[in-house]
Trainee: 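Submitted below is the structure of interest, expressed as structure tokens.
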Amino acid sequence: MGAGALTCLMFVVVALNAIAAAAGLALFAVAIWVAVDGYKLYPISGVSGKDDIFAAAWIAIFTGFAFFLTCIFGIFAALKRSRALMMVYLIIMFIIFLFECASAITAATNRDYLVGNSNLVKKQMLQYYGQDSIQGKQITQTWNRVMEQVECCGADSPEDWILYNSTFKQIYPTYNWPLSCCKRLSSFELQDPAGCKVGLTSTLFTKGCFNYIESVLSRYTWAVSWYGFSVLMLVFFTLVIAMIYFMQLE
Amino acid sequence: MKTNTVISLMSLMSIWMWTGEGQIFQPELTSNAFLAKVTSNTVILKQPYCVFNQPCPGCEIWLVAGLCSANGTFDALVNSSTTNILSLSPYPTAFNPSSNNFFLTRVGLLSDFPCNQYPNDRYFVVGADGICSGVNCNGVLPDGSTVCFKYLLIDANRTLINSSNWSGNITLPKLLPLQTIYDGLSARSGAMVVITTILCVAAALLLLLFLIMLCVTCCRPTKKDSKQISVMNSIRIPRYDTHNLKERVHPYDNPAYQSDLKNYSTSSTLPKNGARKL
């Protein structure tokens with residue numbers, strides 16, 4: 001290959017590595033956002049033991065930063081036109097590629113288990129809401145906050161509390177559903193306690209909370225999974241060009 | 001004939017209008033759209049306005065709540081013994097296997113439910129006291145049973161004055177145990193399938209390309225040297241004049257052949273790497 005073409009290829013490799021470094025850093029930032037869990041819905045996945053979305057986010061934090069560092073090293077190796085450095089770069093990038101693949105696949109798969117339909121969330125709510133264990137307290141706090149802020153009740157509707165036996169029903173047999181389902185005034189008092197107790201639809205929230213929970217967990221998943229996928233496609237292309245460059249060296 | 005049918009129709013219509021005006025003579029479910037109108041162990045009824053239209057100072061309206069299969073039992077007990085029917089079947093043991101399967105609970109004073117008012121939004125919850133222990137407390141009904149209700153007019157001496165009809169059968173839904181919810185995997189989303197397949201293919205391709213690249217770079221020693229030698233009669237001449245001779249002096253050149261052949265001795269035509277490998 002002529003010297004001019006080789007220089008051109010070197011610039012292409014350097015440019016692609018620069019873009020991949022930026023993309024890796026952005027993946028690092030997005031994965032930190034997921035791991036921080038601003039919507040505070042971690043107990044819903046943690047209590048069932050299906051918190052792989054957050055595990056994948058942790059992996060993506062490390063691989064994103066590793067992509068950033070390795071791509072900068074790749075720029076240096078390409079500029080130096082050194083075969084050994086390029087080989088090291090290719091091996092390290094391949095290893096990080098495999099880890100990031102694992103992260104993206106794990107997040108997407110786990111999301112299906114967790115929020116494919118409302119059954120798991122509903123069963124967890126009925127089992128743990130009001131229970132006196134650590135998981136019970138976490139779930140109770142999470143559901144109370146979601147029901148009050150999002151203005152919803154139950155997983156699909158308030159009838160979840162009536163149709164199924166639940167820990168809440170055993171502890172408070174005279175209440176049909178938790179008081180968080182009731183509409184409140186701006187002073188946080190209940191708007192109509194008696195009406196909420198019998199189910200007057202103007203005094204309690206009638207939509208289910210599952211849509212909100214599903215949208216938040218899906219948002220986390222797509223952040224890790226789809227963005228990780230797009231970074232991987234860019235890195236795949238970069239590595240193919242880098243391999244061609246490696247073959248043309250010396 | 002025609003006048004007969006007309007008269008009978010008119011009388012039927014007047015009876016229908018008279019009954020439609022508000023003289024319900026049995027307990028009924030509330031007409032409000034409450035979400036908890038009929039749960040697995042509670043029922044919400046209308047308040048007994050205008051059920052008993054007779055003057056009766058100090059009288060109270062009581063409710064008989066029990067399994068529909070116990071309607072006959074209650075009626076027989078009422079007919080046979082008129083002494084203190086209010087303690088016939090105390091709530092705590094009312095629904096035991098060998099018990100009467102009904103209980104009585106107080107709704108309110110007759111004077112609280114006059115006939116000239118007819119608020120349709122007032123309701124009465126059967127089972128509001130939960131699992132209670134009083135004799136006539138408003139306890140919950142058995143889970144998933146078919147229940148019937150009846151109003152009784154009781155006077156101050158605790159004797160039965162009047163009773164309404166039995167209500168229709170009300171079937172309570174059975175409470176589902178939460179273990180019946182199947183929380184396994186429902187379906188795989190399309191996105192997950194796409195991501196998994198494409199990433200697996202990409203990783204495999206990358207590995208394959210990497211191995212091909214390693215094979216190609218490590219196993220092609222001959223290709224490189226063929227490019228360097230560009231003369232017709234290619235003879236590799238090792239350079240013996242590197243150490244103690246200046247670049248310009250090439251004593252191994254035969255000036256007689258300089259015009260015919262290419263000048264091997266200049267550094268640009270001598271094979272560099274090939275010479276070293278020898």
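These numbers come from the heavy atoms of this one structure, side chains and all, not from hydrogens, waters or symmetry mates. Letters A, B, ... mirror the listed sequences (proteins, then strands); counts begin at 1.
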Trainee: Using atom types as modelled and distance alone, determine if a side-chain donor or acceptor of A:Thr140 lies under 3.5 Å from a backbone N or O of A:Gly136.
Mentor: yes
Trainee: Give, as side chain, backbone, both or neither, the part of B:Thr30 having an atom under 4.5 angstrom from any heavy atom of chain A.
Mentor: neither
Trainee: What part of A:Ala242 gets within 4.5 angstrom of chain B, counting heavy atoms only: side chain, backbone, both, or neither?
Mentor: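 Neither part; nothing is under 4.5 Å.
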Trainee: Does the A:Ser230 side chain pair with the main chain of A:Tyr227, one donor and one acceptor, at a distance under 3.5 Å?
Mentor: yes
Trainee: Among B:Ile195, B:Val140, B:Thr39, which has the most heavy-atom pairs under 4.5 Å with chain A?
Mentor: B:Ile195
Trainee: Look at the aromatic rings of B:Phe210 and A:Phe94 and report parallel, tilted or perpendicular, splitting at 30° and 60°.
Mentor: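 Aromatic pair B:Phe210/A:Phe94 classed parallel.
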Trainee: Heavy-atom pairs under 4.5 Å with chain A - which of B:Thr217, B:Thr180, B:Leu206, B:Val216 has more of them than the others?
Mentor: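 Heavy-atom pair counts peak at B:Leu206.
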Trainee: Quick check on A:Leu204 against chain B: is it the side chain, the backbone, both or neither that has a heavy atom closer than 4.5 Å?
Mentor: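 Just its side chain gets close to chain B.
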Trainee: Measure B:Ala33 against the heavy atoms of chain A and call it side chain, backbone, both or neither at under 4.5 Å.
Mentor: backbone
Trainee: Picking from A:Leu249, A:Leu114, A:Ile91, which has the most non-hydrogen pairs under 4.5 angstrom with chain B?
Mentor: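 Looking at each option in turn, the highest pair count goes to A:Ile91.
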Trainee: When heavy-atom pairs shorter than 4.5 Å are enumerated against chain A, which of B:Asp129, B:Thr42, B:Ile198 gives the highest number?
Mentor: B:Ile198
Trainee: Checking A:Trp177 against chain B: side chain, backbone, both or neither under 4.5 Å from a heavy atom?
Mentor: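 Contact with chain B: side chain only.
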Trainee: Taking every non-hydrogen pair under 4.5 Å, which of B:Ala191, B:Ser40, B:Pro173 racks up the most with chain A?
Mentor: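 Sorted descending by pairs with chain A, the first entry is B:Ala191.
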Trainee: Considering only heavy atoms, which portion of A:Leu200 lies under 4.5 Å from any heavy atom of chain B: side chain, backbone, both, or neither?
Mentor: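 Contact with chain B involves both backbone and side-chain atoms of A:Leu200.
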Trainee: Could you tell me which portion of A:Leu232 (side chain, backbone, both or neither) has an atom closer than 4.5 angstrom to a non-hydrogen atom of chain B?
Mentor: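 Interface part for A:Leu232: side chain.
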Trainee: Of the backbone (N, CA, C, O) and the side chain (C-beta and beyond), which part of B:Leu199 lies under 4.5 Å from a heavy atom of chain A, both, or neither?
Mentor: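 For B:Leu199, heavy atoms of backbone and side chain both lie under 4.5 Å from chain A.
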Trainee: Against chain B, label A:Phe97 side chain, backbone, both or neither, depending on which of its atoms sit under 4.5 Å from a heavy atom there.
Mentor: side chain
Trainee: If you count heavy-atom pairs under 4.5 Å between each of B:Asn32, B:Ile44, B:Leu178 and chain A, which one has the most?
Mentor: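 Between B:Asn32, B:Ile44, B:Leu178, the count favours B:Leu178.
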Trainee: Looking at A:Glu214 and A:Arg111, does any basic side-chain N land under 4.0 Å from a carboxylate oxygen?
Mentor: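 The answer is yes: the pair qualifies as a salt bridge.
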Trainee: Do the ring planes of A:Phe168 and A:Tyr172 sit parallel (below 30°), tilted (30 to 60°) or perpendicular (above 60°)?
Mentor: tilted
Trainee: Please state whether the side chain, the backbone, both or neither of A:Pro158 comes within less than 4.5 Å of a heavy atom of chain B.
Mentor: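 Answer is side chain: those atoms of A:Pro158 sit under 4.5 Å from chain B.
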Trainee: Verify salt bridge (Lys or Arg N to Asp or Glu O under 4.0 Å) between B:Arg188 and A:Asp112, making sure each step is shown before the conclusion.
Mentor: CA-CA 6 Å; B:Arg188 299 199 181 277; A:Asp112 290 345; 5.1 Å; no
Trainee: Verify the distance criterion only: is there a donor paired with an acceptor across the side chains of B:Asp112 and B:Gln47 at less than 3.5 Å?
Mentor: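 Short answer, no.
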Trainee: Name the region of A:Asn176, side chain, backbone, both or neither, that has any atom closer than 4.5 Å to a heavy atom of chain B.
Mentor: side chain
Trainee: For each of A:Tyr113, A:Phe246, A:Trp222, A:Tyr164, tally heavy-atom pairs with chain B at distances under 4.5 Å, and name the one with the top tally.
Mentor: A:Tyr164
Trainee: Chain B heavy atoms under 4.5 Å from A:Ser48: which part of the residue, side chain, backbone, both or neither?
Mentor: neither
Trainee: So, B:Thr146 and B:Asn169: side-chain donor and acceptor under 3.5 Å apart, yes or no?
Mentor: no
Trainee: Would you say that more than 12 heavy atoms from the other residues, nucleotides or ligands in this model lie under 6.0 Å from the CD1 of B:Ile131, or not?
Mentor: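 Check fails, neighbour count at 12 or below.
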Trainee: Looking at A:Asp156, is its backbone amide N or carbonyl O close enough to the side chain of A:Asp160 to form a donor-acceptor pair, meaning the two atoms are under 3.5 Å apart?
Mentor: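 Yes; judged by distance alone, with no hydrogens or angles, the pair exists.
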Trainee: So that I can confirm a possible disulfide, could you see if the SG-SG distance for A:Cys101 and B:Cys200 falls below 2.5 Å?
Mentor: no
Trainee: In terms of heavy-atom proximity below 4.5 Å to chain B, should A:Ser225 be classed as side chain, backbone, both, or neither?
Mentor: both
Trainee: For the cysteine pair A:Cys181/A:Cys196, does the gap between the two SG atoms stay under 2.5 Å?
Mentor: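 Their SG atoms do not fall under 2.5 Å; no disulfide, then.
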